[in-house]
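Comments concern the structure below.
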Amino acid sequence: MSQARGILGMTMWAALLTALGFANWQASVIPIETAAIAAPNGAAAPTLESLENSPKLGESKVAIADLSQTLARPLFNANRRPRTTEAAIAKATEASAPPPPQATPPPAQLHLIGMMRNGSSKARALIRVENAPTAKWIDIGDEIAGWRLSEVNADHVVVEGSGQRVQLVLYPDKTR
């Protein structure tokens with residue numbers, strides 16, 4: 001029984017190798033189509049002159065003045081605001097209510113830079129003390145500038161010190 005199984009296995013391997021060899025031979029024999037791709041919707045194919053006059057990589061035919069919205073609202077900025085029109089501004093001012101006051105002011109010397117939560121390790125917060133050149137990773141229970149880190153949440157951390165419990169928000173100017 002095991003000898004028949006071994007012969008059957010060898011036969012299957014030989015058939016597989018033969019099929020792969022045939023596929024490789026077919027791939028080397030069949031000619032490759034190298035004709036130009038037709039332009040969509042019957043448009044004329046690009047000519048050498050049109051390709052030479054098109055903007056090169058790094059060049060732009062857009063004036064800097066046309067980029068005023070890009071300069072006013074930078075793409076990768078935490079303070080980026082949506083494009084506003086007069087109607088949207090009027091609607092926002094009518095509907096806006098003053099934000100609720102925070103129970104205790106956050107410690108002015110601490111700035112939350114980021115948070116890290118890993119499934120197997122403890123949660124940590126990256127906090128910078130004002131006037132310090134770099135930020136420092138703080139584990140829950142550790143102290144920094146007289147404040148002890150007690151919680152790390154999705155968008156804020158809680159620090160405790162001198163009988164106060166204060167939230168440090170990741171984006172303080174963003175309303176919740």
Apply side-chain contact (heavy atoms from CB on, under 4.5 Å) to [X] and list each qualifying residue two or more places apart in sequence or on a separate chain.
X      : answer
Leu20  : Leu16
Glu143 : Arg148
Gln3   : Ile7
Leu170 : Leu112, Met115

task = Report yes if the side chains of Asp142 and Leu149 come closer than 4.5 Å at any heavy-atom pair, otherwise no.
result =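 When only atoms from C-beta onward are counted, Leu149 and Asp142 do not touch, as no gap falls below 4.5 Å.
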
request  = Kindly indicate whether the side chain of Phe22, heavy atoms from C-beta on, has any atom under 4.5 Å from the side chain of Thr18.
outcome  =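 Counting from C-beta outward, Phe22 and Thr18 never come under 4.5 Å.
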
inquiry  = With rounding to the nearest 0.5 angstrom, report the CD to CD1 distance, Glu151 to Ile140.
reply    =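 Nearest 0.5 Å value for the CD-CD1 distance: 8.0 Å.
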
inquiry  = So, taking the atom named CG in Asp155 and the one named CD in Gln167, what distance separates them when rounded to the nearest 0.5 Å?
reply    = 8.0 Å

query = Shortest non-hydrogen contact from Thr134 to Arg128?
reply =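 Looking at all heavy atoms of both residues, the shortest contact is O-CG, 3.8 Å.
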
Partner residues of Trp13 under the ring-ring contact (aromatic ring centres under 6.0 Å, His included) criterion, sequence neighbours left out =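 If we apply the ring-ring contact (aromatic ring centres under 6.0 Å, His included) test to Trp13, skipping adjacent residues, there are no hits.
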
query = Yes or no on side-chain contact (heavy atoms from CB on, under 4.5 Å) for Ile127 and Trp147, after CA distance, side-chain angles and deciding distance?
reply = CA-CA 11 Å; Ile127 298 176; Trp147 294 85; over 6 Å; no

Side-chain donor/acceptor of Ser150 to backbone N/O of Val158, under 3.5 Å =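 The answer is yes, because a donor-acceptor pair under 3.5 Å joins these two groups.
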
ask   = To which residues is Met12 joined in a hydrophobic cluster, defined by side-chain heavy-atom contacts under 4.5 Å among Ile, Leu, Val, Met, Phe, Trp and Tyr, whether direct or through other members?
value =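 Besides Met12, the hydrophobic cluster comprises Leu8, listed by chain and residue number.
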
